[in-house]
Amino acid sequence: MTSLLEARSIGKTFRSSGFFRRTSNVALADFSLSIDEGKPILTAIAGESGSGKTTLTRLLLGIIEPTDGAIHYRGTDLRAMNHAQKRQFRQEVQAIFQDPFEVYNPFYKVDHVLRTPLAKFGLAASEADARRQMEAALEKVGLRPEETLGRYPHQLSGGQRQRIMIARALMLNPKIIIADEPVSMVDASLRATILESLLTLHQEFGISLIYVTHDLTTAYQLCNDIYILYRGSIAESGDVTEVIKDPKHPYTQLLVGSIPLPNPDQRWGADQPTPKTMRSAAASGCLFADRCPYVMDRCLASVPPMIALSPTRGAACFLYDDDHAAHSTRDGVQQHSR
Amino acid sequence: MSDLTLKVDNLHVHFPTPAGVVKAVNGVTFTLRQRERLGLVGESGSGKTTTALALMRLLAPPARIPHGSMILDGVDLLALSEEKMRQARFAEISMVPQGAMNSLNPVMRIRSQFVELFQAHGQFTSSSDIDARIASLLEQVGLNPSVAGMFPHELSGGMKQRVCIAMAVALRPKVIIADEPTSALDVVVQRQVMETLGRVQEALGATVILVGHDMGLMAQFVDRIGVMYAGRLVEVGPVRTIFRTPKHPYTQMLIASIPTLEQKKLFKGIPGVAPSLLNPPSGCPFHVRCDQRLEHCSRIVPDSIALSPDHWVACHLYPKEEHHDQPA
Ligand SMILES: Nc1ncnc2c1ncn2[C@@H]1O[C@H](COP(=O)(O)OP(=O)(O)O)[C@@H](O)[C@H]1O
Ligand SMILES: Nc1ncnc2c1ncn2[C@@H]1O[C@H](COP(=O)(O)OP(=O)(O)O)[C@@H](O)[C@H]1O
Ligand SMILES: [Mg+2]
Ligand SMILES: [Mg+2]
């Protein structure tokens with residue numbers, strides 16, 4: 001099986017050097033992911049703001065370069081691709097961003113954002129062919145071409161604009177779509193329609209989808225597996241149902257417990273332990289130590305490695321270290337039954 | 001007097017624009033009891049913020065309130081002079097505005113912003129009194145009193161939002177309006193901020209209007225929900241009734257569209273787009289998108305009727321004769 005996109009232990013450290021102080025900010029550390037041809041994935045990357053999600057998106061799209069590790073597309077390092085390879089990468093890996101309005105030029109009709117990529121990649125044989133492809137793509141995301149084409153961006157809703165972006169990505173016949181917070185700027189009631197469009201792309205056209213979000217509920221609904229990022233590092237990863245229904249890492253537990261459930265009879269995180277706030281995170285230890293209700297001495301001394309809980313599941317937490325297995329079942333992580 | 005705090009009756013708000021009059025609020029009626037928490041929900045552009053600003057009388061000209069009344073504890077807010085209304089703001093009715101954390105003055109320390117607020121309301125106490133008061137307000141919202149000496153940029157989003165809540169309650173108002181108070185915050189901080197708001201409200205015995213479109217937040221926080229569509233309240237009822245047995249077809253679609261942890265890979269969006277408030281459709285504003293529309297829905301605007309004393313709906317599916325005519 002050939003690997004399409006492969007991130008090998010990538011990391012990104014932003015360094016700024018001023019006169020008086022030099023700061024370095026590890027936005028992402030040791031992240032790996034592989035997408036194989038013919039085995040499309042439906043993966044969520046979740047975490048709070050500042051956890052490194054957009055940095056990861058931009059790395060995977062080749063917009064910025066990693067400071068550690070490497071990203072390969074069809075076997076070639078993104079930094080070493082020739083012109084033809086770059087072109088193929090740009091066509092096959094598509095991005096959808098948070099604010100669809102930013103992509104549009106207010107003076108052009110929305111047709112423009114659809115026609116430009118067709119021209120750029122020489123995908124349309126004629127004007128009529130371009131029109132046909134645009135209409136087909138719009139229909140695939142549930143838009144009526146006659147209500148969409150010929151309009152200006154401000155004449156459409158945020159949800160419609162975002163679906164046009166999805167249609168645009170779709171026309172290029174991509175292998176992979178990376179969507180960074182695609183629904184966080186649209187109304188809750190429109191989110192469903194957009195997420196459904198994304199799911200359709202995966203199910204009907206076999207496109208791999210990386211869904212980047214701070215919203216665990218939609219990650220759960222849409223995806224098969226998930227990575228939970230905390231301050232640039234993976235806290236937990238695995239099957240999305242397992243991770244969200246039975247979170248193991250204390251950070252994932254905190255996130256899941258904070259979801260406001262749309263059910264007046266199910267009270268907000270009634271079972272949340274309060275974090276021990278008196279310990280401050282040591283530079284050498286677990287990044288979550290200062291907020292963790294179960295913090296132990298060793299958490300301040302060293303960074304917990306990713307510990308395999310099952311073949312498909314891992315948590316970077318000493319509670320699950322073999323030496324501490326007894327501890328974790330005794331008074332450690334409680335089971336959430338939601 | 002009963003325990004009614006606020007009675008809003010047939011409120012209309014118009015924005016004259018070059019293209020015509022935007023009828024942003026179209027006959028909104030509701031009452032609020034003391035200590036109650038009302039959620040105003042609806043898609044963006046449905047008139048939630050405009051309703052909130054009208055209650056505060058903070059709409060900038062040329063906006064107009066052509067009809068309606070807003071009675072707060074027996075006082076008609078629309079009849080107050082500009083000066084009396086200025087005094088009533090913060091003291092009687094206050095607001096945590098949408099994007100509140102950006103409303104703090106960036107070049108003033110938090111302490112000075114409180115002092116300015118107190119002075120604007122004629123409260124000139126000694127400096128040590130003021131400091132004690134600010135410290136207790138900050139503690140009430142879970143902040144360290146040392147925050148008073150900081151500038152807004154030194155605070156995180158959640159901390160700034162808490163400062164805004166502290167300012168909104170500083171003069172012990174009867175009604176607190178919170179317009180999407182947590183939409184820019186992460187889920188963990190969101191929960192902390194909402195819990196803070198709830199605690200402060202209970203301590204004050206105030207009434208809260210929570211504006212937003214996150215139904216999860218509503219389920220967790222409010223007692224009653226008002227659903228807005230195209231500037232109208234199309235359904236008002238207790239939170240459990242709205243979630244379990246929504247009656248208006250729009251509310252039904254809204255509830256069905258909420259993502260939950262109960263179902264996977266099943267999305268139920270609301271088809272169509274929100275109507276223009278410049279040229280609203282005739283009849284019921286929702287008829288264009290409604291899957292249960294009747295023949296006369298496109299012609300006649302449905303009146304709001306009571307299905308039970310606490311549950312109101314404006315929809316032709318629920319004919320008037322069968323129900324009570326007046327609120328209990
Ligand atoms: N261009 C940049 N220069 C310096 N720091 C950056 C840059 N982009 C992001 N960061 C930092 O990297 C961290 C992760 O940011 P980001 O990837 O945007 O997170 P998220 O998308 O999860 O909110 C943050 O601390 C942010 O300040
Ligand atoms: N100052 C204004 N001038 C003209 N139209 C306005 C103004 N403010 C709001 N509107 C319009 O009024 C309607 C309701 O807006 P708003 O109350 O902000 O809705 P919501 O808070 O529910 O998103 C929208 O159609 C909006 O475009
Ligand atoms: Mg981001
Ligand atoms: Mg608003």
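Just so it is clear, the structure is predicted and the values come from calculations on it, not from any experiment. We name chains A, B, ... by the order of the sequence lines, and we start the count at 1 in each one.
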* To do: Name the region of A:Leu42, side chain, backbone, both or neither, that has any atom closer than 4.5 Å to a heavy atom of chain B.
  => side chain
* **chain A contacts, top residue of B:Thr260, B:Leu266, B:Ile258 (heavy-atom pairs, under 4.5 Å)** => B:Thr260
* To do: With a 4.5 Å cut-off on heavy-atom pairs, point out which of B:Glu43, B:Arg240, B:Met215 contacts chain A the most.
  => B:Arg240
* Which bit of B:Ile255 comes within less than 4.5 Å of chain A, counting heavy atoms only: side chain, backbone, both or neither? -> neither
* Check each atom of A:Arg191 against the heavy atoms of chain B and say whether the ones under 4.5 Å are side chain, backbone, both or neither. => side chain
* Contacting region of B:Leu254 [heavy-atom separation from chain A under 4.5 Å] -> side chain
* To do: Side chain from CB out, backbone as N, CA, C, O: work out which of these in A:Leu222 comes under 4.5 Å of a heavy atom of chain B, or both, or neither.
  => both
* Are any of the side-chain nitrogens in B:Glu36 or B:Arg224 under 4.0 Å away from the carboxylate oxygens of its partner? -> yes
* To do: Could you check whether the rings of A:Tyr230 and A:Phe288 sit parallel, tilted or perpendicular, using 30° and 60° as the cut-offs?
  => perpendicular
* Is the number of heavy atoms from other residues, nucleotides or ligands within 6.0 Å of NZ (B:Lys23) greater than 12? -> no
* With a 4.5 Å cut-off on heavy-atom pairs, point out which of B:Gly212, B:Pro259, B:Pro271, B:Gly269 contacts chain A the most. => B:Pro259
* Asked: Is it the case that A:Arg291 places NZ or CZ above or below the six-membered ring of A:Tyr251, under 6.0 angstrom from the centre and within 45 degrees of the axis?
  -> no
* Asked: Taking A:Leu195, A:Thr241, A:Thr193 one by one, which has the highest count of heavy-atom pairs under 4.5 Å against chain B?
  -> A:Leu195
* Flag the pair A:Asp265 and B:Arg244 as a salt bridge only when some basic side-chain nitrogen lies within less than 4.0 angstrom of an acidic carboxylate oxygen. => yes
* To do: Can you establish whether the number of heavy atoms outside A:Lys109 located under 6.0 Å from its atom NZ is more than 12?
  => no
* Can you say whether B:Met253 sits under 4.5 Å from chain A via the side chain, the backbone, both, or neither, judging by heavy atoms? -> neither
* To do: May I ask you to decide if the ring planes of A:His154 and A:Tyr152 are parallel, tilted or perpendicular, using 30° and 60° as cut-offs?
  => parallel
* Specify which of B:Val187, B:Ile270, B:Val239 makes the most heavy-atom pairs with chain A at under 4.5 Å. => B:Val187
